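Structure first, then comments.
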Amino acid sequence: MAVANEHQKIAVIAGAGPAGLTAALELLRRSDIKPVVIEMDGQVGGISRTVNYRGNRMDIGGHRFFSKSDWVMRWWQDILPVAEEQDTAGNPLKITYQRQSRDLLPSRRSPSSADAVMLIRQRLSRIFYRRRFFDYPLKLNASTVRNMGLLETLRIGLSYGHAQFSHRLPEISLEDFFVNRFGDRLYRTFFKDYTEKVWGVRCQEISAEWGAQRIKGLSVAKALAHAVARPFRSGEETSQKATETSLIERFLYPKFGPGQMWETVAQQVADQGGDIHLRHRVVGVERQGQDIKAIDVLDLATGSTRRIPCDFFVSTMPVSELTPMLKPEDGDVIRIANHLPYRDFMTVGLLLKNMHGAPNSGSSSANNGMPPDNWIYIQEPDVKIGRLQIFNNWSPALVADPKTIWLGLEYFCKAGDELWSLSDDRFIDFAAGELEKIGMIQRSAVMDGTVVRVPKAYPAYFGEYSEFGAVRDYLEGFSNLYPIGRNGMHRYNNQDHSMLAANAAVSAMLTGGQGKSDIWQINAEEDYHEEIEAVA
Ligand SMILES: Cc1cc2nc3c(=O)[nH]c(=O)nc-3n(C[C@H](O)[C@H](O)[C@H](O)COP(=O)(O)OP(=O)(O)OC[C@H]3O[C@@H](n4cnc5c(N)ncnc54)[C@H](O)[C@@H]3O)c2cc1C
């Protein structure tokens, strides 16, 4: 492990997710510092990995590849170019994500094979509620009124109108925040259950400030406000249509799921002289004052531990794990780090022969009843499932047999809770039962299943998080420590934010630490995040 020549500097990197691998490749491209990546899992990619189950591939969460950053878009395309056949008639390719449209820079090289490519995918996702499909973003159109019933639609409208004149003050909780903006009825219909499912905390217990910070740019909220208010405005039908067409979301997606990107990057890291140690875990940090001197690494296969001296330490592991390893003198720093909140996540992969079309599943449902969506928000209060991924619609290459339907049933939970602790077999059975209950499948159509558990999938922003600044300042005090990435910074990062932080960390390493503290500014503007925010 970690053989470098005597004078070569070493950067130990904890974690082979997007942040760690970007840092490793950038170090190799821009310096002679040797990256030594330590990854506790058996594969690379972190949360953005692709899990291969008997030839069927699962994307944990459904990863759209889109970034406002040209650097990131370029970087991805240099690793996996866009499939040539997607580039129609030489026109610039357009992608659109969360109401932001951009031309795609042409790939700088041709794909090395028909498989080593990214596809351009068009998004469809709907809300499933009252055993029916609602458009997403929600529109106040004939289909919504039909689904809701005229009376309920009127009630929602009245409740929304009431909220415009009578505010809950002071606005303390997330519930107050929602009710003030959307009315009690709409809050109870579309926000309450789902938010509580996602975060496992009642909306009354989440601060309104959190809502304001996290929800302000949210598309459902905007869409709902827009949808509810639309009938009271006039003369915007034509421009509305034009806007809607331009907002059809298109994003990049590696043919074999997000993990393909990170497996390719890992290969390049290895080819260019970096080390990647899978099934190894960072378990300790040796420091002298404010300098990190060495990292203790446990080999999960043999149980043996060894110490790797280092010049830099890049940590993408959770702040709550890293901080105690540094043995802070300040008890408050330990307390806050130990209590940082997280939400955990489970996905059940379910292979089926066919599905039931729900009553209004749409004419584009396939012969085997598979809905056309990439994913579906399940708003039904009588089941625990939060979202349903239809992997066939992300990329047909994710599915071994195109005649089958390959689903991901997503559950938000807490590691160790009742759901998390069920055996895989029982969980698969439970999850299939939930889909049957809401009328989407018959259990007899299930051919196979598997379970993936993702601890700390969501760094959460309540509880001790309000004191996070003390931990950040403490970590910032180390001369050669670079905490980056989603859990590394306890930030609601998408892949691109993690990559930008990694790139900035490498720049700082190469300039004697210049710009080190600016890394915390990346993704601080909070205006675009993964989809969970749009509904929670
Ligand atoms: C449901 C869901 C949907 C998402 N959708 C999107 C999307 O559409 N688009 C998008 O861009 N992003 C999306 N994301 C976010 C994306 O998954 C993350 O931003 C990205 O994976 C973060 O990369 P990272 O390297 O910072 O962290 P991670 O992916 O968490 O990687 C960290 C790595 O560190 C390893 N590790 C942890 N502790 C140790 C240790 N002690 N020793 C060794 N290794 C350790 C872990 O095993 C892991 O491999 C989504 C996330 C979720 C949960």
Side-chain angles (χ1 to χ4, degrees), residues 12-24 36-50 58-69 72 76 97-98 121 123 125 198 249 251-253 258-259 261-262 265-266 276-285 295-300 313-322 324-325 342-347 374-375 386-387 389 394 408 410-412 452 454-459 483-502 505 522-523 528-534 536:
V12 172
I13 300 175
L21 289 175
T22 303
V36 178
V37 184
I38 308 299
E39 171 54 57
M40 66 186 196
D41 200 16
Q43 69 179 102
V44 301
I47 306 175
S48 306
R49 67 190 181 274
T50 303
M58 292 170 79
D59 172 350
I60 302 160
H63 283 77
R64 283 160 290 164
F65 282 62
F66 181 95
S67 180
K68 287 195 289 184
S69 153
V72 170
W76 280 333
Y97 181 71
Q98 294 198 351
R121 305 303 290 174
R123 165 187 175 161
S125 53
V198 171
E249 196 176 287
F251 51 86
L252 294 178
Y253 193 71
M261 174 66 69
W262 302 110
V265 173
I276 301 180
H277 301 280
L278 299 179
R279 297 187 190 82
H280 283 69
R281 182 171 190 154
V282 170
V283 289
V285 177
I295 304 300
D296 293 330
V297 174
L298 171 70
D299 180 336
L300 295 168
F313 180 41
V314 179
S315 168
T316 77
M317 59 201 251
V319 172
S320 60
E321 274 179 49
L322 168 70
M325 288 182 194
Y342 296 90
R343 195 68 174 145
D344 310 293
F345 185 72
M346 292 171 78
T347 307
N374 307 94
W375 72 93
R387 255 182 340 200
Q389 299 286 346
W394 282 88
E410 300 181 340
Y411 290 85
F412 308 100
V452 179
V454 189
K456 298 191 170 66
Y458 297 100
I484 57 166
R486 185 169 166 107
N487 280 335
M489 303 171 88
H490 205 88
R491 271 282 163 79
Y492 224 60
N493 277 351
N494 272 341
Q495 295 173 97
D496 59 338
H497 304 123
S498 284
M499 295 168 65
L500 288 166
I522 293 168
N523 184 23
Y528 125 78
H529 296 272
E530 78 207 39
E531 199 57 32
I532 188 173
E533 271 193 62

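This is a predicted model, so every value here is computed, not measured. The basis for the numbers below is simple: all heavy atoms, side chains too, and nothing from hydrogens, waters or symmetry mates. Indexing begins at 1, ligand by ligand and atom by atom, following the structure's order.
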Pair [X] and [Y], ring centroids less than 6.0 Å apart:
{"X": "Phe251", "Y": "Phe65", "result": "no"}
{"X": "Trp76", "Y": "Phe66", "result": "no"}
{"X": "His490", "Y": "Tyr342", "result": "yes"}

Give yes if a backbone or side-chain nitrogen or oxygen of [X] is under 3.5 Å from a nitrogen or oxygen of ligand 1, and no if not.
{"X": "Ile484", "answer": "no"}
{"X": "Tyr458", "answer": "no"}
{"X": "Pro18", "answer": "yes"}
{"X": "Ser48", "answer": "yes"}
{"X": "Ala14", "answer": "no"}
{"X": "Gly20", "answer": "no"}
{"X": "Ser498", "answer": "yes"}

Next item on the list: Identify whether the distance between the nearest side-chain nitrogen and carboxylate oxygen of Asp41 and Arg49 falls below 4.0 Å.
Entry: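 Yes, this pair counts.
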Margin query: I'd like to know if Arg281 pairs up with Glu321 as an ion pair, taking the criterion as any Lys NZ or Arg NE/NH1/NH2 lying under 4.0 Å from an Asp or Glu carboxylate oxygen.
Written below: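 Yes, this pair counts.
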Atoms in ligand 1 flagged as close to [X], the criterion being non-hydrogen separation under 4.0 Å:
{"X": "Asn493", "result": "15 (C), 18 (C), 19 (O)"}
{"X": "Gly15", "result": "33 (C), 34 (O), 35 (C), 44 (N)"}
{"X": "Gly485", "result": "26 (O)"}
{"X": "Glu321", "result": "41 (N)"}
{"X": "His280", "result": "43 (C)"}
{"X": "Gly61", "result": "1 (C), 2 (C), 3 (C)"}
{"X": "Phe345", "result": "1 (C)"}
{"X": "Ile38", "result": "43 (C), 44 (N)"}

Note to self: Which label fits Phe345 and Tyr458: parallel for a plane angle under 30°, tilted from 30 to 60°, or perpendicular past 60°?
What the structure shows: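 Judged by the thresholds at 30° and 60°, the geometry between Phe345 and Tyr458 is perpendicular.
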Between [X] and [Y] (side chain of the first, backbone of the second, donor and acceptor by atom type, cut-off under 3.5 Å), is there such a pair?
{"X": "Glu39", "Y": "Leu278", "answer": "no"}
{"X": "Ser498", "Y": "Gly485", "answer": "no"}
{"X": "Arg387", "Y": "Tyr411", "answer": "no"}
{"X": "Asp344", "Y": "Lys456", "answer": "yes"}
{"X": "Gln495", "Y": "Ser67", "answer": "no"}
{"X": "Arg486", "Y": "Asn493", "answer": "yes"}

Check: With side chains defined as the heavy atoms from C-beta onward, is the minimum distance between Val44 and Leu21 less than 4.5 Å?
Finding: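 Yes, close enough: below the 4.5 Å cut-off.
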Next item on the list: Have a look at Arg49, His63, Arg64 and point out the one with the heavy atom closest to atom 9 (N) of ligand 1.
Entry: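 Closest candidate by heavy-atom distance is Arg64.
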Notebook entry, point to check: Which is closest to atom 18 (C) of ligand 1 in terms of heavy atoms, Arg486, Arg491, Glu410, His497?
Noted result: Arg486
Heavy-atom contact under 4.0 Å between [X] and ligand 1?
{"X": "Lys456", "value": "no"}
{"X": "Thr316", "value": "yes"}
{"X": "Gly488", "value": "no"}

Check: At under 4.0 Å between heavy atoms, which part of Met499 makes contact with ligand 1: side chain, backbone, both or neither?
Finding: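 It is neither; nothing of Met499 touches ligand 1.
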